[in-house]
Engineer: 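Below is the structure I would like to discuss, written out as structure tokens.
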Amino acid sequence: MIAKIKKRLKTFLLLRSLRARIFVLMLLVGIIPSLLMRFGIVDNYEQRAVQQRVTTVQNQLMILANHLDSNNYLTNYRSEEQTYRTSREVINAELEMLSNLYEGRVMIINSNFEVIKDTYGISEGKTIISEEVIKCFRGENISHYDREHGYIEMTTPIVSTSDSAASMDGTSGNGGEIRGVMLTSISNDSIVQTMEVLNRNALILETLMIVAILAVAGVLSIVLTKPFERVTQAINEVKAGYSNESISVPDYVETVHIVDAFNQMLGRMKALDDSRQEFVANVSHELKTPMTSIKVLADSLLAQENAPAELYREFMEDIVSEIDRENQIITDLLALVKMDKKVQDLNIVSLNINDLTELILKRLRPLARKKDVEVVFESVRPVIAEVDEVKMTLIMTNLVENAIKYNKEHGWVKVLLDADHQFFTFQVSDSGIGIPEESLAHIYERFYRVDKSHSREIGGTGLGLAITRNAVLMHRGSITVTSTEGQGSSFLVKIPLNYIAQ
Ligand code: ADP
């Protein structure tokens, strides 16, 4: 149990399970956009808030700058005259208010780069020659946001609106001369605070979303993979033998494909089983036939009290021929069963096919002579091929023997050997009785005989061509036949010169 759980966990973690993949995918699809959205929104807020603040402060500073100019703050900042002092105090108060409001610091710098007012009061009288100030004197307004130190810095020009000054100097900004610069830095605390609140809220929302997505991903990964489990269960039921029917899981196109393939395999297995049963029935029947004959012969001998010796002899001869037939069937069956074994031990050797053919024909010539059939061998070129000698002998013997057996008186058999660079062909043609067209598709079946009684007479078992075809297929070759009833047949065997292992 624990081992099973461990194994499942391992496949799950390695993402080899479809369920795990769906789960992770759903999680990513749900979480990544929400994360991106949060960062996007917060970032966007920060930019917009800074920009807005700069614009607001800049506007107020502009108004203040006009005020400064109209009160000649820059020229009379040291004057002790009563009117100047009062207006200066008013402006200073405005400056204080502004810097308090925005938690910032405002410095007023004149054209000599001298700080004439600092709301912090530390830099008054000092000289500031910074890049921002110089740029502002040139008419370039600058605002700069320093997130790390938490402030926004900006410059505002103090422009003289008097016409004489503007026409005298070319460095005018908005049609007037820049007489001084206000260097302001304000805190971004309020922005940061709002961002923190935003972030916190987004985080809570995100956590809730993640929990929801986790739940949805979990449920979906289970629901979506359920049909595959149903397929496994259905197959297991067939395997265990509870059901013999073809299975059906129509949930997905994919499961339908899997189930179809399985059903086809099941069909093939059933067909195989049926053919095996039929084969066993055929074998029993074929083996029983000679036995029945022997029994009938023996019984009829026993039934006669004083049977003459000649009758004994005659019946005994019949019995011997039935035993021979039984023997032949068993020999052929053994040859076939051996070839049916899946791990065929083919003994592949390089063989001279011409020599082998000569040898086989020599062995079969007495049979041909007995039937008055002429056997001719023609070889287009010498053939050396990688084959199993025993199986090859079976193929050739069966074909030539059939050509002689199913021939007419004074007939002929022609064996033609040829090869190209890949295959060699072995063709056996005869002038025999031929095979009816409707039988051509069945001649390779076990125990199939076109004319049962005729074939029995000749001593056929109906297994020869089944054996031949098996042997040819084992060599990865092919066998084809053409035949005209009453005129003759021609079997063509094509086998690769070099044996192709699986
Ligand atoms: P058998 O042992 O009966 O010859 P085979 O499997 O070798 O069995 O052949 C199957 C049947 O095919 C034979 O019974 C015969 O009717 C037919 N057949 C095979 N070869 C020939 C041939 N050369 N000419 C005519 N009929 C043939």
Side-chain angles (χ1 to χ4, degrees), residues 324 327-370 373-407 413-430 443-446 458-481 489-502:
D324 281 347
N327 226 343
Q328 184 61 48
I329 295 172
I330 291 170
T331 315
D332 280 0
L333 267 176
L334 281 178
L336 199 65
V337 169
K338 256 192 210 162
M339 262 185 263
D340 267 357
K341 275 196 207 156
K342 271 294 149 233
V343 199
Q344 300 109 353
D345 27 18
L346 274 184
N347 183 18
I348 301 291
V349 285
S350 190
L351 207 70
N352 185 323
I353 305 295
N354 295 63
D355 289 354
L356 185 70
T357 317
E358 301 269 16
L359 187 76
I360 288 163
L361 294 187
K362 198 173 147 200
R363 273 191 217 146
L364 289 171
R365 277 222 165 84
L367 180 72
R369 225 171 288 136
K370 214 159 94 186
V373 171
E374 187 193 4
V375 180
V376 193
F377 174 41
E378 191 184 312
S379 169
V380 179
R381 65 195 82 238
V383 178
I384 299 204
E386 289 174 5
V387 290
D388 179 307
E389 190 173 356
V390 179
K391 307 262 160 25
M392 202 60 222
T393 310
L394 266 175
I395 297 170
M396 292 177 167
T397 312
N398 273 333
L399 291 180
V400 179
E401 205 180 309
N402 277 352
I404 298 169
K405 280 193 312 192
Y406 301 104
N407 220 313
V413 172
K414 186 174 163 192
V415 179
L416 181 69
L417 190 63
D418 195 2
D420 58 17
H421 60 286
Q422 247 184 320
F423 298 92
F424 75 88
T425 52
F426 178 80
Q427 187 173 22
V428 184
S429 318
D430 62 61
I443 51 171
Y444 302 109
E445 288 169 13
R446 295 150 173 172
I458 304 175
T461 58
L463 292 171
L465 282 181
I467 295 171
T468 307
R469 184 167 172 273
N470 267 6
V472 170
L473 292 184
M474 280 166 82
H475 284 89
R476 318 230 172 281
S478 64
I479 178 165
T480 46
V481 59
S489 317
S490 176
F491 284 84
L492 178 72
V493 173
K494 194 172 170 186
I495 287 177
L497 287 170
N498 298 309
Y499 177 71
I500 313 154
Q502 226 165 15

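Not measured: the values here are computed from a predicted model. Atoms considered below: every heavy atom in the structure, side chains included; atoms not considered: hydrogens, waters and symmetry mates. The residues of the chain are indexed from 1 along the displayed sequence.
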Engineer: Please find the pair of heavy atoms, one from M396 and one from L356, that lie closest to each other, and give the distance.
Structural biologist: SD-CD2, 4.0 Å

Engineer: Which heavy atom in I467 sits nearest to a heavy atom in L394, and how many Å separate them?
Structural biologist: CG2-CD1, 3.9 Å

Engineer: I'd like to check the side-chain hydrogen bond (donor to acceptor under 3.5 Å, both in side chains) partners of N407; sequence neighbours left out, ordered by chain and number.
Structural biologist: S431

Engineer: Under the rule for side-chain hydrogen bond (donor to acceptor under 3.5 Å, both in side chains), what residues qualify as partners of E401, not counting sequence neighbours?
Structural biologist: none

Engineer: Which heavy atom of T461 sits nearest to which heavy atom of Q328, and what is that distance?
Structural biologist: CG2-CG, 3.8 Å

Engineer: How long is the span from the CE atom in M474 to the CG atom in D388, to the nearest 0.5 Å?
Structural biologist: 7.0 Å

Engineer: Only counting residues at least two apart or in another chain, list the ones meeting side-chain hydrogen bond (donor to acceptor under 3.5 Å, both in side chains) with S379.
Structural biologist: N354

Engineer: Which pairs count as side-chain hydrogen bond (donor to acceptor under 3.5 Å, both in side chains) when at least one residue sits in residues 389-400, sequence neighbours excluded?
Structural biologist: N398-T468

Engineer: Could you list all the salt bridge (charged side-chain N to carboxylate O under 4.0 Å, His left out) pairs where at least one residue sits in residues 417-428, not counting sequence neighbours?
Structural biologist: R381-D418

Engineer: Would you name the heavy atoms of L336 and A466 that are closest together and state the gap between them?
Structural biologist: CD1-C, 3.9 Å

Engineer: For the residue pair S429 and S490, what are the closest heavy atoms and their distance?
Structural biologist: OG-OG, 3.3 Å

Engineer: Residues in salt bridge (Lys or Arg N to Asp or Glu O under 4.0 Å) with K414, at least two apart?
Structural biologist: E378

Engineer: Going by side-chain contact (heavy atoms from CB on, under 4.5 Å), name the residues that satisfy it together with I384, two or more places apart in sequence or in a different chain.
Structural biologist: S350

Engineer: Could you tell me the separation between the CD1 atom of I479 and the CG atom of L473, rounded to the nearest 0.5 Å?
Structural biologist: 9.0 Å

Engineer: Measure from the side-chain N and O atoms of D430 to the backbone N and O of S489, and report whether any donor-acceptor pair falls under 3.5 Å.
Structural biologist: yes

Engineer: Mind checking what makes side-chain contact (heavy atoms from CB on, under 4.5 Å) contact with N498, not counting sequence neighbours?
Structural biologist: E386

Engineer: Could you tell me which residues satisfy side-chain contact (heavy atoms from CB on, under 4.5 Å) with D355, sequence neighbours excluded, listed by chain and number?
Structural biologist: N352

Engineer: Apply side-chain contact (heavy atoms from CB on, under 4.5 Å) to the pair F491 and L465, showing each step before the final yes or no.
Structural biologist: CA-CA 11 Å; F491 284 84; L465 282 181; 4.0 Å; yes

Engineer: Do you know which two heavy atoms are closest between H475 and Y499, and how far apart they sit?
Structural biologist: CA-CE1, 4.3 Å

Engineer: Working to the nearest 0.5 Å, report the span between CZ of R365 and CD of E374.
Structural biologist: 9.0 Å

Engineer: Partners of F424 by side-chain contact (heavy atoms from CB on, under 4.5 Å), sequence neighbours excluded?
Structural biologist: I353, V383, A385, V387, M392, L417, A419, I495, L497

Engineer: Could you tell me the separation between the CD1 atom of I329 and the CG atom of L334, rounded to the nearest 0.5 Å?
Structural biologist: 12.0 Å

